[in-house]
Q: 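First the structure, then my questions, so here it is.
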2 protein chains.
Amino acid sequence: MSSDWEIPAVAVAVDLVVLTVRSARLQVLLVERGIEPYAGKLALPGGFLASEREDVDTAAGRELAEETGLRPENLHLEQLRTYGAPNRDPRRRVIAVAYLAIVPDLPEPTAGGDARSARWVPVSQVLTRRATLAFDHQRILSDGVERARSRLEYSALATAFCPPQFTVADLRNVYEIVWGETLDPRNFHRKVTGVADFLVPTGGHTTKHGGRPAALYRRGTADVLHPPILRSTGGWR
Amino acid sequence: MSSDWEIPAVAVAVDLVVLTVRSARLQVLLVERGIEPYAGKLALPGGFLASEREDVDTAAGRELAEETGLRPENLHLEQLRTYGAPNRDPRRRVIAVAYLAIVPDLPEPTAGGDARSARWVPVSQVLTRRATLAFDHQRILSDGVERARSRLEYSALATAFCPPQFTVADLRNVYEIVWGETLDPRNFHRKVTGVADFLVPTGGHTTKHGGRPAALYRRGTADVLHPPILRSTGGWR
DNA sequence: TCAAAAGTGTTTAATGTACACCCATGA
DNA sequence: TCATGGGTGTACATTAAACACTTTTGA
């Protein structure tokens, strides 16, 4: 804090890791870059602060709304991490504040007000390098996916993948796809309905083909899960 | 990413939550501000990027070294969160990237190369508002303490509070003080020595008054604890 | 030999896992 | 009445909590 030297001024970008479960796979929202650098490459959606006075959290909500057409207050949006390596953008010094967003399976791939070519891409394609991303977005995505996986254990995050009304099987589906492992339907049902304030029965039931109708639930008030839903692999052991 | 408008440039500050266990209390390193705004107030140590090309993580390590006189590579240092509200600094737009550092009980309060009046203050005094901090540093400290508490459960973070050689009782002391609860010495001993690659016996023993000598350990290679050391309160239930 | 702290063994309760079984519907 | 998934009961294994007890030192 010695005064009297020029404080470096940098550009602040907000980048989004938007995840959903779609076609039985964990998918991430990506845009195709139209300009250099990395023109034509896939990248995480994002952008710079809209003004000198825009709050960073607000900017993330704004970007999310632009890309998905959804109001941010209904969706899960949390700060992930800040990436501040000096050369992450070849043009100029840019620091990226990354956010993790979880959305339900949306009706159409993207209805962005910004008219960018956003689309869903399976996370596995990116993590196995069949598709590669611009900047350090591969690393950011990888951090975001790991955060989401671990959040399923201790928080009610899984409900953010689901529509307003969902069944226990829908919820189990989210866990299985995000974690990449199968879970016992009977024990999962008991665990998840036993967690305080996690699920609230709506009274409704599904009217599906081929099976007993399932009770419908909406998300409860709990943010943290007591007790947690632990994965066998990855958690430990 | 529409081009052709002026991208806002902001100043990037790095703020540190440096925690230690000292005199049987969790304490935080604070500086007394010499200049406005908040002159005379206590604040987290920190500063702006040293140059246009300095990495943010590097800046955090540099600040820590300046404040504690210790090499950052031996200490625990992790990014906490970024605080980007537009009015957090009344002078100009500043975004703070906060870091959490854990250090052992240092020989002298501070041996900063920057000759600032850094000193240790019990965390409880700040959280109970007997001492208040400048800017939004109260909130940042609170986030940092909660991060540290939860990291004790799942990571080997507790060893960062200890000197290179320590006993199981030293380690238990860290858990008890940071969590603010008492733990059964017998069960704690068994748990902690049972975790794979957490503790490595050095072969040495303490030669203390009034009790059986304790075996000395150094930290092992494990970063995550299998299984975790869970707190009773706060974890759940 | 006593106090004090380190470390081990054992009992008991809580929790997680596997899986048999019943329920409610559409075809 | 059969196939299909929803949902419950229960036995067993694993883990955590409580605490009696033994070990090893300094005074």
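Throughout, protein chains are lettered first and strands after them, A, B, ... in sequence-line order, and every chain is numbered starting at 1.
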Q: Where along nucleotides 4-10 of chain D does protein come under 4.0 Å, by heavy atom, of base (B) or sugar-phosphate alone (S), with - for untouched nucleotides?
A: BBBBBBB
Q: Quick one: list whatever passes side-chain contact (heavy atoms from CB on, under 4.5 Å) with A/A101, sequence neighbours left out.
A: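 With sequence neighbours excluded, A/A101 shows a side-chain contact (heavy atoms from CB on, under 4.5 Å) to A/V18, A/L64, A/L77, given in chain and number order.
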Q: Checking side-chain polar atoms at under 3.5 Å, does B/D57 have a donor or acceptor matched by the opposite partner on B/Y99?
A: yes
Q: Calculate the interatomic distance between B/F188 atom CZ and D/dA18 atom C1'; express it in whole Å.
A: 17 Å
Q: So, using ring pair (Phe, Tyr, Trp, His ring centres under 6.0 Å) as the criterion, who are the partners of B/Y175 when residues are at least two apart?
A: B/W179, B/F188
Q: Whole angstrom is fine here: how far is it from CG in A/L183 over to P in C/dG16?
A: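 After rounding, the gap between these two atoms is 14 Å.
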Q: Donor-acceptor pairs under 3.5 angstrom involving side-chain atoms of residues 210-222 of chain A: please list them, not counting sequence neighbours.
A:
residue	atom	partner	partner atom	Å
A/R219	NH1	A/T159	OG1	3.4

Q: Rounded to the nearest angstrom, tell me the gap between atom CD1 in A/I229 and atom P in C/dT15.
A: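 These atoms are roughly 14 Å apart.
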Q: The criterion is side-chain contact (heavy atoms from CB on, under 4.5 Å); which residues satisfy it with B/N173, sequence neighbours excluded?
A: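 Partners of B/N173 by the side-chain contact (heavy atoms from CB on, under 4.5 Å) criterion, ordered by chain and then number, come out as B/I177.
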Q: What pairs with A/R129 under salt bridge (Lys or Arg N to Asp or Glu O under 4.0 Å), at least two apart in sequence or on another chain?
A: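 Salt bridge (Lys or Arg N to Asp or Glu O under 4.0 Å) check on A/R129 returns nothing, list empty.
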Q: Rounding to a whole Å, what distance do you find between B/K191:NZ and D/dA16:C1'?
A: 7 Å
Q: Grab the CZ-P distance between A/R231 and C/dT17 for me, whole Å please.
A: 14 Å
Q: Could you state the atom-to-atom distance from CG of B/D184 to C1' of C/dT12 in whole Å?
A: 15 Å
